[in-house]
Each structure stands twice: as structure tokens, then as C-alpha cells.
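Whatever order the structure lists ligands and atoms in, that order sets their numbers, starting from 1.
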Amino acid sequence: MKSTNQFEIVTVSNPFLDISEEVQKAISNSQPVVVLESMNTLRHGGKNYLECASTAQLCEQSIRRFGAIPATTGIIKGRMKVGLTSEEQEFLASEKSQSRKVSRRDLPFLLGSQYNGFTTVTAAMILADLAGLRIVAAGGLGGVHREGDKTFDISPDLQELTKTDVAVVCSGSKSIIDPELTLEYLETQGVPVIGYQTSTFPQFCVRDSGYVLDYRMDDVSEVAKVLQRKWSAGLRGGVVVANPAPVSSAIETGYMDINISKALTKMKSHGISGQACTSYLLDRVNDMTGGQSLDTNVQLLHHNACLAAELAISYSFTCREFDKKEMSNARFS
Ligand code: PSU
Ligand code: MN
């Protein structure tokens with residue numbers, strides 16, 4: 001069985017994985033680490049690459065302020081990177097890198113090549129797991145798309161959660177996703193969804209999708225305990241920690257829905273399908289809301305990075321306490 005510890009030392013080296021020196025040091029010193037995806041963190045349609053890189057820097061700074069170490073992920077020249085430097089982040093965000101969206105199926109095409117890529121939630125979970133890290137911060141999850149019952153467009157993020165032992169702190173699924181079908185899918189696949197200080201599933205820029213969650217937790221230590229119990233019991237797979245967007249920047253459901261419907265119609269008329277759907281829809285909705293949805297996206301990303309830092313710290317404490325108790329039980333039995 002895998003160690004429950006977030007800082008499990010990875011003994012098997014991976015020929016395509018580079019963990020930055022800082023993150024390696026954090027792992028060996030048992031410091032809490034927060035992994036960041038780059039598809040959302042370093043790519044904002046409508047903003048230039050420096051603005052994108054500054055979002056990543058803002059998230060990293062806040063994670064450090066809480067006392068955890070940030071590890072932004074990406075693919076650079078065919079290598080999986082856990083812990084990108086600020087120069088690497090700027091490069092990835094810039095047009096010259098020609099970074100593509102990378103999910104599980106794309107990784108083998110990039111590895112060992114000269115290509116660069118942004119990590120989706122799926123790819124960030126994979127890289128985190130390869131590095132032995134357990135806490136990922138993201139904006140919004142992919143999910144079952146609207147009309148997904150007809151199109152079969154279901155994000156690989158949901159499948160990844162069924163098999164990879166990582167907690168994803170996010171503001172629920174993206175606004176363009178069908179929250180009801182997404183929750184059904186996660187339930188069928190046995191993925192725990194925790195509402196953090198909320199009783200309903202958040203939907204990215206919208207705080208409340210109206211769909212009630214079965215598990216609500218108001219304290220980060222309760223969430224940490226669930227993670228520790230799940231993985232130490234050998235129950236494989238991820239956990240969704242759903243954190244609503246900050247009240248100050250959230251957008252109203254009705255306003256979002258109108259714009260999403262318009263964007264969906266446009267997308268169909270252009271014949272866009274597959275992996276390009278999410279970015280296309282997000283970019284159109286951003287245009288239609290006059291940049292408001294992107295501002296909220298940045299705010300919630302930062303909000304999730306902060307909660308992920310608190311969770312990483314609490315999770316490492318919970319693991320340490322559990323291991324201590326187990327050791328003393330073993331001594332007296
Ligand atoms: N932001 C974008 N485009 C994206 C995403 C975010 O501008 O494609 C992401 C997230 O990284 C998420 C992924 O993991 O899209 C889900 O996309 P899909 O539905 O193709 O799986
Ligand atoms: Mn898809």
C-alpha cells in the first residue's frame with residue numbers, strides 16, 4: 001500500500017520528470033506543497049503573457065505566505081516539470097512556446113519531443129502523483145458538458161479523479177459544464193465531493209449551482225482528515241474540494257447562463273468539438289461579459305490556491321499525528 005504521507009519520497013526515478021530543487025527539498029524536509037495546473041493559471045484568453053505569468057506569481061506568493069511551497073506544473077521541451085521557475089512560467093505563457101493543452105492522452109506525444117504544454121487538471125494530477133504530492137489547486141474542474149448526454153463530451157478530469165490519489169481544490173466545475181450530470185458522474189465513479197463552507201456545488205464564477213452536496217465541511221482540518229483516512233485505508237482515487245468563488249467577485253447565474261447559451265450556439269455554428277471546446281467557450285463568455293468572467297477566474301484561482309495551502313499544511317499535520325499514534329500503538333501491542 002502507498003504511504004499516506006504527502007511527502008512520500010519517490011524512489012523510482014521517471015525518465016521524463018523534473019522536480020525543481022526547491023520542491024525536491026520541500027519533499028525531503030516534509031514541507032507541505034501545493035501543485036498548480038497551468039492550463040488555467042498560465043493561459044487567459046484575452047490577456048497577454050505577462051499578465052498570465054503574474055497570476056501564477058500571485059498564487060505562488062500567497063501559497064508561500066501561508067507556509068507551503070508552490071509547484072506550478074507544465075511540459076517544457078518534452079519534459080514534465082513540477083515546480084516551474086518564473087522564467088519558465090513566462091516562457092510557457094508566451095506565444096513563442098506554442099504551448100498546447102495537455103491531458104492524459106496527450107502526454108505520450110509530448111514526452112521526449114521539443115513541444116511545450118499547459119497542464120489541465122488531469123495532467124496536473126498525474127504530475128503531482130508522479131512526484132508523490134497530494135494537493136492540487138485549480139480554477140474549475142472539467143465535467144460533463146451541457147448536452148453531454150448527446151455529445152459524449154465528458155472531461156478526462158472526471159476519469160482521472162477515479163484513479164489518482166490527489167485532492168483538487170477548485171470552485172466546482174466550470175460554468176460551461178452541466179453541474180447535475182457532473183455530480184451524477186462523480187457519484188457513480190465513487191469520487192468524494194466536499195463542499196467547503198458550502199452546502200451546494202459551486203460552478204466556477206457562480207457560487208451556487210443549486211445542486212445540494214451530501215458532504216459539507218467548514219474546517220480545513222476536517223477535509224484533511226478525510227483525505228488521510230481515504231488514502232491510508234487504501235481507497236484509491238481523488239477528492240474534489242469545492243470552494244465557491246469569493247463573494248466580492250462572483251457572477252450571477254442568470255447572467256452567466258445567457259452568455260453561455262450564446263457561446264454554445266456560436267461554437268456549434270463553427271463546428272468546434274473535442275478538446276478545443278472549453279477554451280473556446282471560456283474565451284467567448286469572457287468577451288461577452290466584457291472581461292468580467294476572466295477577472296472572477298483569476299480571483300477564484302487565487303482563492304483556491306490559498307485554501308490548498310491551508311489544506312496541504314493541515315494534511316501533513318494530520319498524517320504526522322496519525323503516524324505517531326500508529327507507531328505508539330505498535331510499541332504497546
Ligand atoms: N482554461 C482554459 N481552457 C481550458 C481549461 C482551462 O482556458 O481548457 C481547462 C482546465 O485545465 C480543465 C480542462 O482541466 O480545461 C478541462 O477541459 P476538457 O473539458 O477538454 O477536459
Ligand atoms: Mn471534452
Select one of side chain, backbone, both or neither to describe which atoms of [X] lie under 4.0 Å from any atom of ligand 1, heavy atoms only.
X	answer
Thr120	both
Leu282	side chain
His145	side chain

Is it the case that [X] places NZ or CZ above or below the six-membered ring of [Y], under 6.0 angstrom from the centre and within 45 degrees of the axis?
X	Y	result
Arg134	Tyr315	no
Arg320	Phe322	no
Lys174	Phe204	yes

Quiz item: Hey, any chance Ile69 and Ile27 share a hydrophobic cluster, counting ILVMFWY side chains that come within less than 4.5 Å of each other, even indirectly?
Solution: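 Per the 4.5 Å side-chain linkage, Ile69 and Ile27 are co-clustered.
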Identity and separation of the nearest protein heavy atom to [atom]:
atom	answer
atom 17 (O) of ligand 1	Lys101 NZ, 3.0 Å
atom 10 (C) of ligand 1	Glu37 OE1, 3.6 Å
atom 3 (N) of ligand 1	Ser279 OG, 2.8 Å
atom 5 (C) of ligand 1	Met39 CG, 3.6 Å

Quiz item: Which atom pair, heavy atoms only, marks the closest approach of Ser38 to Thr73?
Solution: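 Between these two residues, the closest heavy atoms are OG-O, 2.7 Å.
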Exercise. With Leu186 as reference, evaluate Leu181, Val144, Thr162, Val191 under the side-chain contact (heavy atoms from CB on, under 4.5 Å) test and give the passing residue.
Key: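 When side-chain contact (heavy atoms from CB on, under 4.5 Å) is applied between Leu186 and each of Leu181, Val144, Thr162, Val191, only Val191 qualifies.
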Quiz item: Which ligand 1 atoms does Arg43 reach within 4.0 Å, using its non-hydrogen atoms?
Solution: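 Matching atoms, with element in brackets: 2 (C), 7 (O).
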Exercise. Check ligand 1 against Asp157 and write out every atom of the ligand that is under 4.0 Å from a heavy-atom position of the residue.
Key: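 The atoms of ligand 1 under 4.0 Å from a heavy atom of Asp157 are 12 (C), 13 (C), 14 (O), 16 (C).
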